[in-house]
Every structure is written in C-alpha cells, then in structure tokens.
Amino acid sequence: MSANPAISPIQQSTAIRHDWQLDEVQALYALPFNELIFKAQIIHRENFDPNEIQVSSLLSIKTGSCSEDCGYCPQSARYDSDLTPEALMPIDAVLKAAQQARDQGASRFCMGAAWRQPKDRDIERVVEMVQGVKALGMETCVTLGMLTDEQTARLKDGGLDYYNHNLDTSEDYYSEIITTRTYQDRLDTLARVRDAGINVCCGGIVGMGESDIDRSKLLIELANMPKHPESVPVNMLVQVEGTPLMGTEALDPLIFIRTIAVARIMMPNSRVRLSAGRNNMSDEMQALCFLAGANSIFYGDKLLTTDNPMTNHDRRLFERLGLHSGGSSYA
Ligand code: SF4
C-alpha cells in the first residue's frame, strides 16, 4: 500500500485493506510482543471504546448427529464422544434461553444447529426463532451449515442480523481437519450470506496443529475478503475426548494472543471475539487478549457443547478490568 503523506502514520496503519501479503503478516507475528500489542491497541482505540466488550450468548438449538467430519467437533456422528444428540429445540425453550441471556447482559443471541445444511422446513422454524429473539430487543445470529440462495434470502427476509460460518483454518491445512466439504464450499456460503446483505461472522480455530504460516493465511483469507467479516471469532481448540484432535500439542498461549493482535491490526473495524477455549484461559490471559484487541466474548455457561466460564465469573472479571458490555455490535 502506498504511503499517503496527508494522513498520520497511525491513520495509515488503521486503513481498511484487502491486499494483505504473507510476508507482512508474518512480520507482524514476529514483532516483539510489546510492540505488537501496542500497535494493536492503537488501532483498537481508533475504532472502538477500549473498555467496551460486546457480549454474545450461544445456544445449541440442535445438537449432535452431524454428518460432517470436522476433526475438533464432538457433534460429528462419526466420533465417539459423550454427547447426547438432541433434536431441534421448541421455540418457547429457545426464547426462554434468549430472555435469560439478555437479562444477564448479552446483546446478541447466537443459535447453532449441527447440520451439514438445513432443510427448507428447518429454515422456517429458525426464522420463527429469529423473529422471537428480535422481539426481545436482541441481535440475532445463526450457524446452520451450508445454505442455498433461497434459504439465505429467507433468513434475510426473516430479519436475521448475522450468519456464522467459520473458515476454521488455512486452505492448505483444511483437508487435515475436514474432508466432507471443501474450503470453496465455505467461501461460497460466505459469499451468499454477504450478497444477501446479512452481516458475516467468520473466524477460525487455532491450536489444531497448524503452522505459523497457516495462521497467517487464515487471517489473510478473512481480511482479503471484499468486505471484512463484521465479527471474527478466534477460537482456541478445546480438545474433546473421542475426537481426532484429542491429544494435539497445546499451542503456546502467547501465540494465541499474538493471533488476536494481528487480527485486530488487519481488520480494524471488526469485532474480534474471544470464543471457544476461554474456559482454559486464566483471567490474566483473557486480560491480555482484551489488550490485544479482542472486544467480544461468548457469555454463558455453555458454548454449544463445551464449557464456558460461568457468567458470574465473567461479570467479576469485567469489574476487575473496568470493562463494560456494549450494545452496539459494529463500529
Ligand atoms: S463443526 Fe458443525 S459441521 Fe462440523 S461436525 Fe460439528 S456440527 Fe457438524
């Protein structure tokens, strides 16, 4: 990117870009830690209230028996985890959970269903849930797998705010993790969602045995989309007994924090979300993630099927760090 003498160096670093190259992303990762965090914090402050965290709550509305083979996921029917499959939840139970989440401070309610792709009749039921949750004054997000054009349009007409569909990892490493659908399938679904005018929630998982280059390439894939995802969940692998990724060598937590900082620098306006894996992070590590530019969390006792820090603990952590939850989800 050519330097523009009319704007300050800080503004230059905050500019929205879609042309990131591998060598510059790797150079960011390789910065001295303090320098990287400082750079990320400058960009963060230019775009957001640094003490405000957007809080989303996640509910599994249909659990397990999924035909896909994502190597990290206990919901795949192919793996022998302890999970008990559950059919699509009734709408009143979903709305009760949403109300509870709202009362605990969540501004967005995310509903996840373990499907390869939903059937049209499922979409109608999900639309009812979306409308019910919106009537409670919350933003809505769903993650349902791959979508057709018609299903995407129906969700948009039904008032859906966000669609979550993660890329998980780099294109190069992807086939080590999932074989039942391609990277391109994921990109196609994301393009469909974007074209329909639904906000995009898309990120990945680190700690799956990927290389430094894979982490950089995942972030490049996200940041070089025609528009940055409005929400970028960064997950730390939660190792679940019975899944193929159980026993993967643990990632250095400082590399996780660096990933948050690099994501913040590359996607200055996006909500970078501290997602799965928070339960295994110390309060101090989470504080460093917030300093590195994370400004969204999943709140609640469960993240789809894995444990998440108890809401009271989160509330205390917010108090200790002087953080407050924010209602608006996108700068
Ligand atoms: S991550 Fe989603 S698509 Fe993959 S196995 Fe789990 S529920 Fe199915």
Side-chain angles (χ1 to χ4, degrees), residues 56-89 94 110-119 122-123 125-126 129 141-148 151-152 155 160 162-171 173-190 192-193 200-210 214 218 221-222 229 231-246 248 273 275-279 298 300 302-308:
S56 293
S57 181
L58 178 59
L59 177 72
S60 179
I61 57 171
K62 184 265 170 188
T63 305
S65 305
C66 180
S67 61
E68 301 293 278
D69 70 349
C70 310
Y72 50 81
C73 183
Q75 302 206 65
S76 169
R78 295 159 194 253
Y79 310 137
D80 192 15
S81 66
D82 281 346
L83 195 80
T84 312
E86 285 167 34
L88 190 60
M89 283 174 72
V94 172
C110 310
M111 294 166 271
W115 285 314
R116 173 179 166 81
Q117 54 196 128
K119 299 188 175 65
D122 298 324
I123 291 286
R125 289 180 65 188
V126 170
M129 293 174 189
C141 179
V142 296
T143 182
L144 313 173
M146 294 185 285
L147 298 175
T148 63
Q151 291 174 336
T152 315
L155 288 169
L160 180 69
Y162 286 78
Y163 193 80
N164 164 266
H165 201 61
N166 288 334
L167 284 176
D168 286 354
T169 188
S170 72
E171 184 164 13
Y173 195 62
Y174 183 82
S175 61
E176 300 289 322
I177 307 296
I178 299 131
T179 66
T180 46
R181 64 178 133 176
T182 65
Y183 210 68
Q184 191 58 49
D185 287 334
R186 294 199 181 229
L187 293 170
D188 291 346
T189 298
L190 288 163
R192 223 166 252 141
V193 168
V200 171
C201 171
C202 181
I205 308 173
V206 298
M208 299 196 291
E210 74 285 340
D214 290 314
L218 166 66
E221 199 74 54
L222 295 166
S231 291
V232 180
V234 181
N235 298 279
M236 179 77 113
L237 174 69
V238 178
Q239 301 199 10
V240 183
E241 205 69 58
T243 59
L245 290 187
M246 181 71 203
T248 306
R273 178 174 310 132
S275 305
R278 249 184 356 109
N279 202 34
F298 273 127
K302 280 265 174 212
L303 271 193
L304 288 181
T305 59
T306 58
D307 289 341
N308 198 39

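As the structure is a prediction and not an experimental result, all values here were calculated from the model. In listed order, ligands and their atoms are each counted from 1.
- Because the distance cut-off is set at 2.8 Å, Cys70 fails to qualify as a neighbour of atom 8 (Fe) of ligand 1, as none of its N, O or S atoms comes that close.
- Of the protein's heavy atoms, none falls inside 4.0 Å of atom 2 (Fe) of ligand 1.
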Mind running side-chain contact (heavy atoms from CB on, under 4.5 Å) on Leu155 and Thr152 for me, showing each step along the way? CA-CA 5 Å; Leu155 288 169; Thr152 315; 5.8 Å; no

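- For residue Cys73, an N/O/S atom approaches atom 6 (Fe) of ligand 1 to within less than 2.8 Å.
- Summary of contacts: the protein heavy atom closest to atom 8 (Fe) of ligand 1 is Cys66 SG, 2.3 Å.
- Interface of Glu68 with ligand 1, defined as ligand atoms under 4.0 Å from a residue heavy atom, comprises 3 (S), 4 (Fe), 5 (S), 8 (Fe).
- Checked options Thr169, Thr248, Asp214; the residue passing with Met208 is Thr169 (criterion: side chain to side chain contact (heavy atoms under 4.5 Å, CB included)).
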Determine, stepwise, if the pair Asp122 / Lys62 fulfils salt bridge (charged side-chain N to carboxylate O under 4.0 Å, His left out). CA-CA 11 Å; Asp122 298 324; Lys62 184 265 170 188; over 6 Å; no

Test side-chain contact (heavy atoms from CB on, under 4.5 Å) applied to Asp168 and Asn235, step by step: CA-CA 9 Å; Asp168 286 354; Asn235 298 279; over 6 Å; no

Start with the C-alpha distance between Arg273 and Cys201, add both sets of side-chain angles, then the distance that settles side-chain contact (heavy atoms from CB on, under 4.5 Å), and finish with yes or no. CA-CA 10 Å; Arg273 178 174 310 132; Cys201 171; 3.7 Å; yes

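- Here the side chain of Thr189 pairs a donor or acceptor atom with the backbone of Asp185 at under 3.5 angstrom.
- In this structure, Arg181 has a heavy atom closer than 4.0 Å to ligand 1.
- Listed by number with element, the atoms of ligand 1 under 4.0 Å from a non-hydrogen atom of Ala114 are 7 (S).
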